[in-house]
Every structure is written in structure tokens, then in C-alpha cells.
Chemist: 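This is the structure, below, for whatever I ask next.
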Amino acid sequence: MANEEDDPVVQEIDVYLAKSLAEKLYLFQYPVRPASMTYDDIPHLSAKIKPKQQKVELEMAIDTLNPNYCRSKGEQIALNVDGACADESSTYSSKLMDKQTFCSSQSTSNTARYAAALYRQGELHLTPLHGILQLRPSFSYLDKADAKHREREAANEGDSSQDEAEEDVKQITVRFSRPESEQARQRRVQSYEFLQKKHAEEPWVHLHYYGLRDSRSEHERQYLLCQGSSGVENTELVKSPSEYLMMLMPPSPEEEKDKPVAPSNVLSMAQLRTLPLADQIKILMKNVKVMPFANLMSLLGPSIDSVAVLRGIQKVAMLVQGNWVVKSDILYPKDSSSPHSGVPAEVLCRGRDFVMWKFTQSRWVVRKEVAAVTKLCTEDVKDFLEHMAVVRINKGWEFLLPYDGEFIRKHPDVVQRQHMLWTGIQAKLEKVYNLVKESLPKKSDGQSGPAALLSGDQRVQVAKSKAQQKHALLERELQRRKEQLRAPAGLPGVRIKEEPVSEEGEDEEDREAEEDQEPMDTSLTSLGGSLHNRLANGLPSGRAAGGDSFNGHPPPGCASAPVAQELRAFVEATFQRQFVLTLSELKRLFNLHLASLPPGHTLFSGISDRMLQDTVLAAGCKQILVPFPPQTAASPDEQKVFALWESGDMSDQHRQVLLEIFSKNYRVRRNMIQSRLTQECGEDLSKQEVDKVLKDCCVSCGGMWYLKGTVQS
């Protein structure tokens with residue numbers, strides 16, 4: 001009572017609700033101007049609006065006579081935008097920047113709490129606002145000036161030469177679109193590009209601007225007053241005090257939010273924190289893809305319980321090197337497909353799980369290996385890797401974030417649970433992709449530790465220690481294979497050169513180094529159980545990876561004439577189909593050829609790398625000494641390039657000139673090849689002839705041409 005006496009009611013004002021302009025009234029917020037100047041004093045040249053988007057553009061005059069106006073700048077801007085010649089389409093017809101455009105944006109999506117008030121004769125009249133628009137200067141004329149500048153540059157340069165035009169020719173892939181499904185149509189309709197296109201298609205409605213003192217403005221201003229004198233319009237304001245308080249402060253306010261113009265997966269942090277915790281975690285992981293747990297906690301806020309976050313993150317992400325990577329089924333939901341190849345979501349999830357599992361074993365992944373195992377197109381594999389890794393030149397793909405050892409130490413129970421999940425995923429991947437189970441050392445935390453930088457001597461010592469540990473195992477495996485090959489069920493005539501395994505582990509080190517470059521599956525499954533082992537050049541791969549001393553080359557004089565004839569026939573037939581081959585690719589094709597031969601064939605007597613190279617040279621081929629770059633990742637076998645010198649057709653001379661070019665250059669442009677061919681052959685070759693020579697011997701990558709097999713990703 002004492003407080004009420006100290007603060008008495010001075011005046012009671014009647015409040016009226018006017019609805020005449022309830023659906024038409026907008027509040028425009030102009031940029032700040034000096035108090036002595038109002039926007040009503042500035043001439044409004046034009047105005048237009050897009051009603052559905054509530055977007056307004058106002059064109060206002062600039063006072064060019066004002067002493068603060070820089071006339072030289074205004075003339076320069078007009079010249080940049082319209083050029084020297086002014087016409088009807090010019091932005092500034094007076095050759096001076098004498099007007100400015102203001103574009104609107106919504107300051108708030110919910111205007112239900114805002115109203116315009118007019119106080120007159122002791123009465124307060126309220127009119128609800130339909131929208132609040134902030135007007136900001138538009139600088140679209142700068143884009144027009146840039147476009148004019150580019151047009152002038154293009155006109156000055158003129159037409160490019162034929163050689164330059166041919167350089168710009170790129171190979172394109174033609175794909176036919178499938179019939180659009182209902183789910184794909186819904187995703188397209190909800191996409192950001194579709195919404196932007198829809199908004200651009202809405203026509204502008206031109207408006208007439210009336211100033212503050214205009215008679216039409218005065219007439220419209222009368223609608224801000226409540227028109228009903230009987231109080232019929234004000235029934236909404238006739239409420240009891242309790243009802244009025246309930247309207248002001250509802251117990252559980254639920255505001256209906258308008259859908260933003262931005263993509264459906266984009267939310268502001270304020271909107272995000274209104275969602276349940278599980279949805280917040282899912283949306284963050286779906287957008288970020290890879291995140292440390294500490295970063296996730298900082299985004300969710302300090303008041304969120306870490307235990308609840310740990311429970312939620314395990315439903316939408318997997319632990320990789322101490323960091324959380326979003327699950328594949330979150331990115332590729334059921335019934336979806338690849339935008340590149342149309343592969344269903346189930347296959348995409350399996351391929352992405354394989355990439356994630358590889359990163360649990362190592363910080364580095366080779367794209368070729370992933371593509372060879374998953375059988376997915378390059379675009380899909382690249383998408384997987386870009387989600388969680390970064391490419392390093394001549395090394396491969398490295399995991400995006402450093403190893404989070406702190407999280408591993410703090411949460412061993414979570415790490416153990418994730419390790420069990422990865423064990424199950426590994427078993428499934430081994431079954432689907434027929435992976436060979438490797439005896440990898442298992443860590444207690446189930447995650448690969450941080451990759452340390454080792455010197456060359458340290459790597460040699462590590463390789464030697466591994467070789468010594470596996471020495472006994474290799475000896476037993478060698479003896480078992482010898483017994484299998486000597487058994488009656490084995491192939492007759494198969495000979496193996498018996499040599500002791502190096503005790504220093506140097507051969508094992510070389511074998512591991514070659515396997516890291518390009519592992520090649522040469523299983524001869526068609527030969528039955530007696531040769532159910534991987535073979536290379538006709539012998540077990542365990543003995544063929546270390547060089548000539550381990551690939552079964554028989555002693556001098558033991559290579560029979562039938563073996564040489566069969567090998568010569570294979571080499572000649574192969575080079576007639578493919579004019580350029582690396583030694584690595586030739587060995588792969590030879591192993592595939594062995595797999596198609598019947599048991600007991602003469603080629604199973606053992607073919608060494610040296611014998612294979614001698615046969616290639618004897619068959620009319622030449623070795624091309626391609627100058628590979630110093631930082632190349634190509635193996636020694638990949639750097640040995642052989643080409644058929646004479647095939648008997650009309651293009652032999654052209655191919656020989658091309659091969660001489662690549663004996664001095666690792667990569668060459670097309671115009672250089674064409675000019676050299678014209679110079680050496682003494683005639684103008686047609687585009688079809690040049691294309692044939694390039695197709696026989698080369699591949700194109702990034703606008704440059706390489707010999708086949710020499711391009712390194």
C-alpha cells in the first residue's frame with residue numbers, strides 16, 4: 001500500500017486496436033542520417049516490392065550539389081558502370097552517380113509482438129505490423145562495372161588461336177538422367193538452389209511513393225485510427241486482468257517459426273539451442289562431419305552435461321583416432337542414392353565405413369586402394385575422403401584432425417565400447433569385400449595412435465625387427481608351400497628356386513615397401529586347392545615380391561624353348577593391343593594371363609622379371625626413359641616404361657616421334673605434340689590422326705598429356 005501511495009496513477013488512457021491496415025502496414029528502418037536531414041526530404045525516384053518475399057527496393061536521389069559530394073568520384077563510378085557511351089539502358093543517364101538503391105531484408109521473422117502506435121486526443125491507437133524491413137545500400141552497380149570491365153578485356157584480347165582453342169578442349173562425360181523419384185523431387189524442391197530460383201522468378205510490383213506531406217499520405221494515415229466508434233473493433237482488448245496477464249506472459253510460449261530462406265540443414269545457434277540435445281548433436285555432426293569432443297561441448301554450451309552428450313554422440317558418430325566422425329547412415333539415409341553414380345545408400349554406407357575403418361588403422365589412406373576394394377566411382381570415393389581427410393601431394397589422404405589422446409585417456413569405457421563396434425564392422429567388411437585378415441597388433445584403446453615422424457634409419461630398424469619376429473612364421477609357411485607343390489595333386493613341372501630367407505630382414509623390408517605402393521591381387525582361384533595361394537609371375541607372392549632372386553627364375557640354360565615361345569607370344573599380343581605399358585602393368589596382365597591357363601602349362605615353370613624384360617626388348621619394343629619428377633611416388637616397376645616401336649601400320653612414325661618427346665618430358669601440352677609431329681613428319685596432320693596417336697600411347701589429366709601408366713594421383 002505504501003508503494004502504491006508513492007506512485008499514484010496520473011492519467012488513464014484508452015487503448016484502441018485499429019485493423020484497417022493490419023495486413024498492409026510495414027515498418028522501414030533506414031540507415032542512420034544526421035538529425036537535420038530526414039528521408040522524406042530526399043526525392044524517392046522509384047519503389048518496387050515482391051509481396052511473397054517481403055522484399056523492397058527503393059531508388060533515391062543523391063544531392064550532387066551538396067559540398068560534401070565528390071563529383072570526380074561520381075563521374076568515375078558512372079563511367080565504370082555505363083562506359084563512355086550512354087543510352088537508354090544506362091544506370092546513370094546523367095554520366096554522374098546521382099542516385100542510390102536501397103534493398104530490404106527482414107529484421108525479424110516474428111512481428112506478432114510489434115505494433116505502430118498513434119496517440120491523439122487522449123487515445124492510443126495500435127495497428128499490428130505485418131513486417132519490419134531494414135533498408136541497406138545496394139552495391140549491384142559494382143557488379144555491373146566488373147561485368148563491363150571483363151567485356152572490355154575480352155574484346156581487347158580478340159579471338160584466340162586454334163592451338164589455344166584446342167588446349168581448352170576437355171573430355172566430357174555424358175550421363176542420362178534417371179526418372180526422378182518422389183524422394184528426389186522433394187529434396188530438389190527443398191534445396192537452396194531451387195528456393196533461390198523460385199524467389200528470382202517472382203515478379204516485381206512497382207509502387208508509387210508519396211511523401212509525408214502529400215494528401216494521399218494524410219488520407220492513408222487516418223486508417224491508423226480505430227474507425228469504429230462503438231468499440232466493436234476493440235473486443236480483443238476488453239479482457240480481465242488475469243486474461244490480459246496470461247496473454248502477455250503465457251506459461252509455455254510456443255512461437256511458430258517461419259521457414260528460413262537458407263537450406264533446411266542450416267540453423268543459427270539461437271535456433272539450434274531450442275531443439276532437444278539429441279537433435280542438436282545430430283545437426284552439428286551432420287554439418288561438420290568430423291569434430292573433437294571438446295569442440296562439441298563448447299558449441300553446446302557450458303550448462304550441458306558431458307555424460308548426456310557422450311550418450312548422444314555415440315548414436316550418430318563413431319570414434320576415429322580420438323575424434324568423432326558422423327555415421328554413414330546419417331549422411332546417406334535409407335532409400336537415397338549417390339548424386340554421382342546413382343549407387344544406393346546401402347553400398348555408399350558400406351564404402352564409407354571402409355574408409356573410416358582404414359583411418360582407425362592408420363593416419364594415411366590411398367584413394368586407389370579404396371576404389372579397388374569398394375568398386376565405387378572416383379567421385380563417391382573422393383566425397384568419402386573429403387569428409388574426414390585432406391590430400392597430401394605424393395603421399396595420399398591424411399586424417400583431418402590430430403590424434404586426441406586426451407579423450408582416449410579420460411574415457412576408456414567409451415573407447416572400449418567403440419572398439420567392440422569397430423571389431424564388428426571389420427568382420428562385416430572382411431566378409432563383404434573378401435579382405436585378407438592381417439595379424440595387426442591390437443591396442444587396448446582400439447584406436448591408432450598419433451603418427452610419429454621417423455627417419456630413414458629408424459624405419460629400417462623397425463622393418464628389420466618386424467622381419468625377425470616373422471622369420472619363423474615365414475619359414476613354416478615356405479615349407480608348407482613346398483610340400484603342397486610337391487604333392488601328387490599339385491602341378492607337374494612347377495619349379496621353385498630354393499634360397500634361404502634373409503636373417504637381417506632386408507628382403508622383408510623391401511617386400512613391405514613394394515606392398516605399400518600398389519598391392520595387387522593375383523589369386524589363381526581357377527587352379528584348385530593345390531594353388532589356392534597368391535601368385536606373382538607364376539610363383540607364390542611371398543617369394544615374388546623381393547626381386548629376381550625370389551621370383552623363381554630357373555638357373556641359366558633351364559628355360560626351355562616352349563617357355564620362351566609362349567612368353568614371346570604373350571608379349572607380342574599384349575603390345576599389339578596396348579602400345580605403351582609399364583613393367584608393373586605388364587606383370588599384372590601376365591598374372592591374369594596365368595590365371596586363365598590350364599594346370600600344367602609350361603609358363604608355370606617360373607618367369608623372372610629379367611626374363612620378362614628381355615622378352616619385351618626382343619619383341620621389338622623399346623624402353624622409354626621418362627624423366628619422372630624427383631618427388632614422384634611411382635615404384636621402380638612403374639618407372640620402367642616400354643613401348644612397341646614398330647607395329648607395321650601407318651602410325652608408326654607418328655608414335656616414334658611422340659615417344660621421343662616423352663623421353664625428354666614427363667608431361668606435355670597438346671599444341672607442343674602437334675607442332676612437333678608436323679615438323680618431323682613434314683605434313684599437316686588432321687585432328688583425327690593426332691587423336692589416334694594420343695589415344696594409343698597417352699592419357700590426359702588436368703590439360704596435360706602423360707604416357708600411359710605414368711600419371712600419379
Side-chain angles (χ1 to χ4, degrees), residues 1-49 51 54-56 58 60-61 102 104-136 205-250 253 255-256 258:
M1 295 295 292
N3 293 335
E4 292 181 0
E5 292 177 357
D6 294 339
D7 189 15
V9 176
V10 177
Q11 183 181 3
E12 291 186 359
I13 301 174
D14 293 333
V15 180
Y16 295 90
L17 180 64
K19 294 185 178 180
S20 300
L21 300 178
E23 300 296 328
K24 306 173 184 177
L25 189 61
Y26 290 85
L27 175 64
F28 288 1
Q29 297 177 340
Y30 286 84
V32 177
R33 285 267 182 166
S36 60
M37 182 185 300
T38 64
Y39 279 92
D40 188 63
D41 298 330
I42 303 174
H44 287 59
L45 302 179
S46 65
K48 54 185 178 180
I49 185 174
Q54 296 187 4
K55 184 176 181 181
V56 176
L58 298 179
M60 305 176 65
F102 290 85
S104 69
S105 61
Q106 292 189 23
S107 60
T108 178
S109 59
N110 182 16
T111 58
R113 300 178 299 167
Y114 299 93
L118 180 61
Y119 181 75
R120 178 173 293 183
Q121 297 178 0
E123 297 175 350
L124 185 63
H125 297 261
L126 302 179
T127 302
L129 290 177
H130 189 61
I132 302 177
L133 304 179
Q134 291 182 346
L135 294 174
R136 294 184 176 89
V205 178
H206 291 272
L207 307 174
H208 295 283
Y209 179 82
Y210 297 95
L212 179 65
R213 300 173 183 85
D214 193 275
S215 59
R216 180 63 183 270
S217 298
E218 186 66 30
H219 175 73
E220 292 292 333
R221 199 176 300 120
Q222 296 299 320
Y223 289 107
L224 294 176
L225 300 174
C226 181
Q227 303 299 318
S229 59
S230 61
V232 178
E233 288 193 35
N234 298 288
T235 54
E236 295 184 17
L237 296 182
V238 182
K239 302 288 184 182
S240 64
S242 59
E243 291 175 339
Y244 183 68
L245 287 175
M246 188 67 67
M247 292 174 62
L248 288 178
M249 300 180 62
E255 299 180 358
E256 182 180 356
D258 297 331

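Residue indices begin at 1 and follow the sequence shown.
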Chemist: Do you know the tightest heavy-atom contact between Glu220 and Leu21?
Modeler: O-CD1, 3.9 Å
Chemist: How close do Leu124 and Ala117 get, heavy atom to heavy atom, and via which atoms?
Modeler: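 So the two residues come closest at CD1-CB, 3.8 Å.
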Chemist: Which pair of non-hydrogen atoms, one from Lys24 and one from His130, has the smallest distance, and what is that distance?
Modeler: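 What the structure gives for the nearest pair is N-CB, 4.3 Å.
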Chemist: Distance from Leu225 atom CG to Gln121 atom CD, nearest 0.5 Å?
Modeler: 9.0 Å
Chemist: With rounding to the nearest 0.5 Å, note down the distance linking CG in Leu58 to OH in Tyr209.
Modeler: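 The OH atom of Tyr209 is 8.0 Å from CG of Leu58, to the nearest 0.5 Å.
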Chemist: Could you pull out the closest heavy-atom pair between Pro128 and Ala18, with the gap in Å?
Modeler: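 For Pro128 versus Ala18, the nearest heavy atoms are CD-O, 3.5 Å.
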Chemist: Parallel, tilted or perpendicular: which describes the rings of Phe28 and Tyr26, with under 30° parallel and over 60° perpendicular?
Modeler: tilted
Chemist: Can you name the closest pair of heavy atoms from Leu224 and His125 and give their distance?
Modeler: O-CB, 3.4 Å
Chemist: So which heavy atom on Val56 is nearest to which on Leu135, and how close?
Modeler: O-CD2, 4.5 Å
Chemist: Arg136: which residues meet the side chain to side chain donor-acceptor pair (under 3.5 Å) condition with it, sequence neighbours left out?
Modeler: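 Counting only residues at least two positions away or on another chain, Arg136 forms a side chain to side chain donor-acceptor pair (under 3.5 Å) with Ser105, Gln134.
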Chemist: My understanding is that only residues two or more places apart in sequence, or in another chain, count here; which of them pass salt bridge (Lys or Arg N to Asp or Glu O under 4.0 Å) with Lys48?
Modeler: Glu57
Chemist: Any side-chain heavy atom of Ile132 sitting closer than 4.5 Å to one from Tyr114?
Modeler: yes
Chemist: Rounded to the nearest 0.5 Å, what separation is found between the CG atom of Leu118 and the CG atom of Leu126?
Modeler: 9.5 Å
Chemist: State the CD1-CD distance between Ile13 and Glu123, to the nearest 0.5 angstrom.
Modeler: 10.5 Å
